[in-house]
Amino acid sequence: MRHLVQLGVAMALATGLTACGSKPQPPKQDAAAFVARLNQDMGALSDELNAAGWTQATYITPDTQLLSAHANERYLAYFSKAVAEASQYEQAPKDTATARALALLKLGVSAPAPDDAAKRAELAKLAAGLEAAYGEGKYCIDKAGKQDCRNIDQLSDTLASSRDYATLTEAWAGWHSVAKPMRQDYQRFVSLANEGARELGYADLGAMWRSGYDMSPEAFEQEVERLWGQVKPLYEQMHCYTRAQLARKYGEDKVPAGKPIPAQLLGNLWAQQWNKIYDDVLKPYPAVAAPSVDSALKAQRYDALRMARSAESFYTSMGFRQLPASFWERSMLTRPRDREVVCHASAWQMDRNEDVRIKQCITPTEEDLQTIYHEMGHVYYDLSYKDQPFLFQGGAHDGFHEAIGDTIVLSMTPGYYASVGLAPKVKPSHETVINEQMKMAADKIAFLPFGKLVDQWRWQVFSGRIQPQDYNKTWWALREKYQGVSAPLPRSEADFDPGAKYHVPGNTPYTRYFLSFILQFQFHRALCDAAGFKGPLHECSVHGSSEAGKRFQAMLAAGQSQPWPETLEKLTGSKQMDASAIIDYFQPLMGWLQDKNKNQQCGWEGGST
């Protein structure tokens, strides 16, 4: 995960935008000079904000939280003032780069507040309350006169590890009960955020979100649907196989053919990824064991530093520069013994220049090794566009940044592990390949419909196509249509199941994750082509390919300075996102699934086919 300067609700709250009906004051400088000042001032403020945020995350005390809050307030106050001033230049002459910078500034607000001061304050209170309600959420029951409470981590563990139908159903229902009280506040939040979006010239908040992709909101919605259409056949085969395996586990009375899968059985509170049921439910060849990278890491005494150096060496083998000495001096790669820290892995760009860092509590496991390779992707993206102006220092669109490191992880093949001494130099058997592809598909393919539908629901809520009295009904209609999952228990409009997913009460756009899962495979195929690889896509590793690295760096260096199709073309030769690389990559699994599912009743009632 890349640490970002949070451009959320609070951005438009510190000060008001130009009042409705008031006449904008004549600008005191031309548009280009105004943007140059913004880049300078906001860059300096972000340096302070990042320093305070890093200190808070790596040294948690009341003092560091106070310093971080004050830095955040200063940044947000300036940002809100800048958005107001930028309105003076809407009709002013400006070059392409200046116009793009002003547009990006405007789109930086994920929930713009209305100009009315009372409504701004109300929106801020609602946003904070919704996020707090989620973060503090617990499911409690009475046991012998005492409250027994479980939080999201504990309930998630139950979904991942239990195979008792009743236990899973209770845990699922318990977490979803946390969202019920959010319903009225969310309805009011939508109304106020929509009002703010309309004051900025957008039809509604969903249209504003979809305007950040260098195409019309309508065209972007069609683009997402097109990409889903490319991967849907593979998902449907995965769903068919998974349902049959679950029916064997729990009985056909609980998991009937031709019906959606009960959502609590897939190892995840939102049924968005199924990897937690891989080992005992989904693994095609249970008796076939893959070489253990975990064991190799421990046997060879890999520590956090060596694992991070291994990640750096992958990128440098492609022609990327070595990381600056400050990275190794200032990153936090292990959990300190003397203080509380946030261990969730994240990459940080501290000063718009050379000071990049990673915060991760690394242990010698394959999962942590892949995570540090992923986080290193963020760091190298940051370094690649560091010479861009501040407003252009970002991913080409919000799906790019997460996809970079995941692209490199796709090159961590058995052949790559063998080349660095972490696996034996033997060609994997057919059974091993199918097992590994199923394991990856349970993570990446299972996610795709959920990654799409969260915002599809919100776009319709923001536009008014979904009315408050239908919030839950339409949520489950979309879950059944795209995911093929059903609620474990009867649901009603007294429930607010969308609020059980953080990104809804937290107001974080979600389509970016769907796009990143598509792009990483498209990037991987383009890099393999540049490297001259001939063979099945899943066997390709671009480790050691300077030509692939050259193409990759050319794309990364552009940052957000131009429309994303032009940036995408630098690597792939195409200006269009393309999910066909996913089908290429999972070709062995697709063939296996089609054969395995021959006698199954695939599809489900309420599905999109």
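Computed from a prediction, not measured in an experiment: that's the story for all the values here.
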remark   = d(Thr511 OG1, Gln456 CD) to nearest 0.5 Å is 9.0 Å

query = Hey, is CZ on Arg465 packed in by over 12 heavy atoms from elsewhere, all under 6.0 Å?
reply = no

query = Mind checking whether Phe189 and Tyr186 have parallel, tilted or perpendicular rings, split at 30° and 60°?
reply = parallel

query = Between Lys94 (side chain) and Tyr89 (backbone), is there a donor-acceptor pair under 3.5 Å?
reply = yes

task = Would you please test Asn50 and Trp348 for side-chain hydrogen bond (donor to acceptor under 3.5 Å, both in side chains) and show each step?
result = CA-CA 8 Å; Asn50 286 327; Trp348 296 60; over 6 Å; no

ask   = Are there more than 12 heavy atoms of other residues, nucleotides or ligands under 6.0 Å from atom CD of Glu340?
value = no

remark   = Nearest heavy-atom approach of Leu105 to Ala86 is CD2-CB, 3.8 Å

ask   = Can you name the salt bridge (Lys or Arg N to Asp or Glu O under 4.0 Å) partners of Lys259, sequence neighbours left out?
value = Glu605

key: Spatial distance of atom CZ (Arg339) from atom OG1 (Thr58) [nearest 0.5 Å]   = 5.5 Å

request  = Please name all residues satisfying side-chain contact (heavy atoms from CB on, under 4.5 Å) with Pro563, sequence neighbours left out, ordered by chain then number.
outcome  = Arg100, Asp214, Pro565, Glu566

inquiry  = According to salt bridge (Lys or Arg N to Asp or Glu O under 4.0 Å), who are the partners of Arg210, at least two apart in sequence or on a separate chain?
reply    = Glu221

ask   = Do other residues, nucleotides or ligands put more than 12 heavy atoms under 6.0 Å from Lys276 NZ?
value = no

request  = Evaluate the side-chain contact (heavy atoms from CB on, under 4.5 Å) criterion for residues His378 and Glu402: first the C-alpha distance (whole Å), next the side-chain angles of each, then the deciding distance (0.1 Å), finally the verdict.
outcome  = CA-CA 7 Å; His378 291 303; Glu402 290 298 326; 3.5 Å; yes

message = Taking CD in Gln40 as the centre, count heavy atoms belonging to other residues, nucleotides or ligands within less than 6.0 Å. Is the count above 12?
response = no

ask   = Could you go step by step and tell me if Asp398 and Tyr213 meet the side-chain hydrogen bond (donor to acceptor under 3.5 Å, both in side chains) rule?
value = CA-CA 9 Å; Asp398 58 7; Tyr213 294 93; 2.8 Å; yes

inquiry  = If we ignore hydrogens and angles and just use 3.5 Å, is the side chain of Gln264 paired with the main-chain N or O of Trp172 as donor and acceptor?
reply    = no

key: Trp457: partners by ring-ring contact (aromatic ring centres under 6.0 Å, His included), with sequence neighbours left out   = Tyr471, Trp475

key: Electrostatic pair Lys359:Glu375 at N-O distance under 4.0 angstrom   = no

ask   = So, the side chain of Glu170 versus the backbone of Ala166: is there a donor-acceptor pair under 3.5 Å, distance only?
value = no

key: Over 12 foreign heavy atoms within 6.0 Å of CD, Gln147   = yes

request  = Using atom types as modelled and distance alone, determine if a side-chain donor or acceptor of Asp470 lies under 3.5 Å from a backbone N or O of Thr474.
outcome  = no

inquiry  = Please verify the inter-ring angle class for Phe450 with Tyr510; under 30° counts as parallel, over 60° as perpendicular, anything in between as tilted.
reply    = perpendicular

task = Might you confirm whether atom CZ of Phe392 has over 12 heavy atoms from other residues, nucleotides or ligands at distances under 6.0 Å?
result = yes

query = Is the shortest side-chain N to carboxylate O distance from Arg226 to Glu223 below 4.0 Å?
reply = yes

ask   = Atom OG1 of Thr158 and atom CG of Asp153: how far apart are they, to the nearest 0.5 Å?
value = 11.0 Å

request  = Spell out, as yes or no, whether a donor-acceptor pair under 3.5 Å connects the side chain of Ser191 to the backbone of Arg188.
outcome  = no

message = Under a 4.0 Å threshold between the charged nitrogen and the carboxylate oxygen, would Lys119 count as salt-bridged to Glu199?
response = no

message = Please tell me whether Asn472 and Glu493 have a donor and an acceptor in their side chains that are separated by less than 3.5 angstrom.
response = no

remark   = Sequence neighbours excluded, the answer for salt bridge (Lys or Arg N to Asp or Glu O under 4.0 Å) partners of Glu131 is none

task = Starting at CZ of Arg512, measure out to CG of Asp455 and round the result to the nearest 0.5 Å.
result = 9.0 Å

Under 3.5 Å side-chain donor-acceptor pair for Gln56 and Ser68 = yes

inquiry  = Would you call the rings of His239 and Tyr235 parallel, tilted or perpendicular, taking 30° and 60° as the class edges?
reply    = tilted

key: Nearest-0.5 Å distance that lies between atom CG in Asn151 and atom OG in Ser156   = 8.5 Å

key: For Asp157, salt bridge (Lys or Arg N to Asp or Glu O under 4.0 Å) partners two or more places apart   = none

key: Proximity of Tyr385 and Tyr381 rings by center, below 6.0 Å   = yes

message = Exactly one of Trp270, Tyr134, Tyr139 should register a ring pair (Phe, Tyr, Trp, His ring centres under 6.0 Å) with Trp175. Which one does?
response = Tyr134

